[in-house]
Amino acid sequence: MYIKDLRLHEGKSVTLKGWAANKRESKGLVFVILRDGTGLCQCVVDASKVSEDTFTSAQQISLETSVSITGMVVKDDRQVGGYELQAEAVSIIGQSVDYPIAKKEHGVEFLMDHRHLWLRSQRQWAIMKIRNRIIYAIHQFFQEQGYVQMDAPLFTANAVEGTSTLFETDFYGDPAYLSQSGQLYGEAMAMAMGKIYTFGPTFRAEKSKTRRHLSEFWMIEPEMAFHDIFQNMNVIEAFLRHVVLAVIADCKSELESIGRDVSKLEHVTKPFPRLTYDEAVRIIKGEQDVNGQNAITSLEQELEQVIARTKEVEAEIAEREEKMKVPGMKKGEIGFNQAKIDKLKQELGDLEEAQRNIPNWLNSARNFEYGNDFGGSDETVITRLFDLPIMVYNWPHEVKAFYLKRDPGQSQFARGVDVLAPEGYGEIVGGGERETDLTLLIAKINEHQLPMDAFEWYLDLRRFGSVPHAGFGLGLERLVTWICKLPHVRESIPFPRMYGRLKP
RNA sequence: UCCUUGAUAGCUCAGCUGGUUAGAGCGAGUGACUGUUAAUCACUAGGUCCCUGGUUCGAGCCCAGGUCAGGGAGCCA
């Protein structure tokens, strides 16, 4: 019997098994908020209605103790799930002594050290439910479109992209590297199946400490034979739309409980803007407006707003601190003011952070040099102007991977495409059409100083029935982060692995 | 690797220009209360002020070096 099904059993006696998410006690009454993975339910234990043993057990329940409670299902609109259990019998399954995560705000480091327990809290629970729905939607989309799922190897002999970001391991005495991408293997399989997608972990040893980076993340990499870059963009757009709409349809309450504004996500029903690199650069530098908005001036306005808000927050903190100095304030009121001040101080810290960052971003946008790849701040600057994902294609070939096809008309460009998520989230997809010209490919491998013998098998794909093909890679955690509007990727995966974090 | 901010009770933090015995709220424990939603109220316990060295009559506070963490850059999905 699960909490989500209580409404089917109104007026009947049922048994729930779960964990105590909260407990309150009065004389002769114990209130337990039970959590079973499907929802929350308040259970009321009344001393006058149950045996002495049952009541003693109820009193012994502490935070996160696991229990089995039998009782009558009663409708009660005051409750979270709309129902309440009036207990008849209570038995403790496993005690929980001094549960570390209190009903209170905690710092990042403390929560990350207790990730194995943090996952039980409501917000993390909701995020993981959404992650699960996203994963299911991804498989649904590709399976329904006739793609074959394939697993690429995780041990590899060579780098796909830069060599500086590889984790080296010992493979029977020889160096082997944890995979940065399954794409080259995906291309091989696409020549067997037509359309494939990989779905697995990838590893990057980047010493990055930002809100967007993990050392271990899950990547979805579709590859389609007989597709060019424009068909590729069609697939990306249909795919992202399908996933977002599936989450909106099936995870309404989860999105609501984490405070996500669903109307912002609903914009994905509109066609995704497709910009060339040249256009995108003009927008970043403020030379071209988007819907009457200018990248540079709107960022300057934001900086002004941040400064104004900082003054407001500082004034409110000072005012509340002054009030608290006056003697005779009630204890409850002191607590209330203290909580407010703590919140405001946190906001103040974020605002000060923004005041340090925005001028740097403005500088980097104003001085953007044509021909460079976009940095994190450039992505933020441009995506703030849009309310749905944008696709940027035709990049200078020097800044992109060796396997991307040169544009036949303009050989300075490679047919790569990046998808940037809105609301400042940045790159979630990178992909493009693959180079089919054997000579150009060999030249590129040499140019990137990659070991030719490691790529002989890949070159075979061009020697034996080469066809135009394209594909892309989607970072699952970045997608989850955007859809949930999380402040950091670390909350988008059950146990994040990142620079400086290997436990728990 | 670089820039930047920080480390004080189990947790979140305050601690003035260096000054005697380091504080609050929450949590925990005990007690009161028959319907609570982070319940409320009273009392109690709880500290190697991150580490090492220095300046000083005196260091939680100043200086130097280190460790760990937050944010950002580079790199990337």
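A note on names: the letters A, B, ... follow the listed sequences, proteins ahead of strands, and every chain is numbered from 1. The structure presented is a predicted model; accordingly, all values stated were derived computationally and were not measured.
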Sugar-phosphate only, base, or nothing, as touched by [X] at under 4.0 Å among non-hydrogen atoms:
| X | answer |
| --- | --- |
| A:D373 | sugar-phosphate |
| A:E221 | nothing |
| A:L214 | base |
| A:D76 | base |
| A:L474 | nothing |
| A:G28 | nothing |
| A:F110 | sugar-phosphate |
| A:S364 | nothing |
| A:Q355 | nothing |

Could you walk me through whether A:H139 and A:Y197 pass ring-ring contact (aromatic ring centres under 6.0 Å, His included), step by step?
CA-CA 9 Å; A:H139 282 294; A:Y197 69 105; 5.6 Å; yes
Sticking with atom [atom1], work out how far [N] lies from [M], rounded to a whole angstrom.
| N | M | atom1 | value |
| --- | --- | --- | --- |
| B:G15 | B:G71 | C1' | 25 Å |
| B:G47 | B:A14 | C1' | 15 Å |
| B:C2 | B:U48 | C1' | 34 Å |
| B:A45 | B:G65 | C1' | 38 Å |
| B:A22 | B:G60 | P | 10 Å |
| B:U55 | B:C62 | C1' | 8 Å |
| B:G6 | B:U17 | C1' | 22 Å |
| B:A73 | B:U12 | P | 26 Å |

Between [X] and [Y], is there a donor-acceptor pair closer than 3.5 Å when you use the side chain of the first and the backbone of the second?
| X | Y | answer |
| --- | --- | --- |
| A:S208 | A:T210 | no |
| A:T70 | A:E88 | no |
| A:S51 | A:T54 | yes |
| A:H242 | A:A238 | no |
| A:D76 | A:E84 | no |

Straight-line distance of A:E423 CD to A:L388 CG, nearest 0.5 Å:
10.5 Å
Could you give the [atom1]-to-[atom2] distance, from [X] to [N], as a whole number of Å?
| X | N | atom1 | atom2 | answer |
| --- | --- | --- | --- | --- |
| A:K400 | B:C75 | NZ | P | 11 Å |
| A:E477 | B:C76 | CD | C1' | 14 Å |
| A:N367 | B:A73 | CG | P | 16 Å |
| A:L85 | B:U36 | CG | C1' | 16 Å |
| A:Y99 | B:A38 | OH | P | 17 Å |
| A:Q60 | B:U30 | CD | P | 11 Å |
| A:Q59 | B:U30 | CD | P | 11 Å |
| A:E379 | B:C75 | CD | P | 11 Å |

Given that both pair distances must be under 3.5 Å and the pair must be Watson-Crick or G-U, what runs of three or more consecutive pairs involve RNA chain B?
B:1-7 with B:67-73, B:10-13 with B:23-26, B:28-32 with B:40-44, B:50-54 with B:62-66
More 5' along RNA chain B: A:L29 or A:M219, using each one's nearest nucleotide?
A:L29
Taking only the side-chain nitrogens and oxygens of [X], find out if one of them lies under 4.0 Å from OP1 or OP2 of [N].
| X | N | result |
| --- | --- | --- |
| A:N357 | B:A73 | no |
| A:K209 | B:G70 | yes |
| A:R24 | B:A39 | yes |

I want to check a possible cation-pi pair here: A:K75 against A:Y83, using under 6.0 Å from ring centre and within 45° of the ring axis as the test.
yes
Side chain of [X]: nearest nucleotide among [options]?
| X | options | value |
| --- | --- | --- |
| A:D98 | B:A28, B:U37, B:C75 | B:A28 |
| A:Q42 | B:C75, B:G71, B:G35 | B:G35 |
| A:F31 | B:U36, B:A39, B:A77 | B:U36 |
| A:V108 | B:U36, B:A77, B:G70 | B:G70 |
| A:K207 | B:G35, B:U1, B:A77 | B:U1 |
| A:E109 | B:C68, B:U37, B:C76 | B:C68 |

Quick one, which residues of residues 486-504 of chain A touch RNA chain B with a heavy atom under 4.0 Å?
A:H488, A:R490, A:G500
Suppose we call a contact any N or O donor and acceptor under 3.5 Å apart; does that hold for the side chain of [X] and the base of [N]?
| X | N | result |
| --- | --- | --- |
| A:S208 | B:G74 | yes |
| A:E25 | B:G35 | no |
| A:H106 | B:C11 | no |

Can you list the steps and then say if A:S215 with A:E206 is a side-chain hydrogen bond (donor to acceptor under 3.5 Å, both in side chains)?
CA-CA 7 Å; A:S215 304; A:E206 289 154 0; over 6 Å; no
Is there a side-chain contact (heavy atoms from CB on, under 4.5 Å) between A:L479 and A:I134? Walk through the geometry before answering.
CA-CA 9 Å; A:L479 181 64; A:I134 290 171; 3.8 Å; yes
Look at the aromatic rings of A:Y370 and A:Y277 and report parallel, tilted or perpendicular, splitting at 30° and 60°.
perpendicular
With distance as the sole criterion, is a donor-acceptor pair present between the side chains of A:Q355 and A:T310 under 3.5 Å?
yes
So among A:E477, A:E254, A:E491, which one has a salt bridge (Lys or Arg N to Asp or Glu O under 4.0 Å) with A:R131?
A:E477
Stacking here means centres under 5.5 Å and planes under 30°; does A:F217 stack on B:A77?
yes
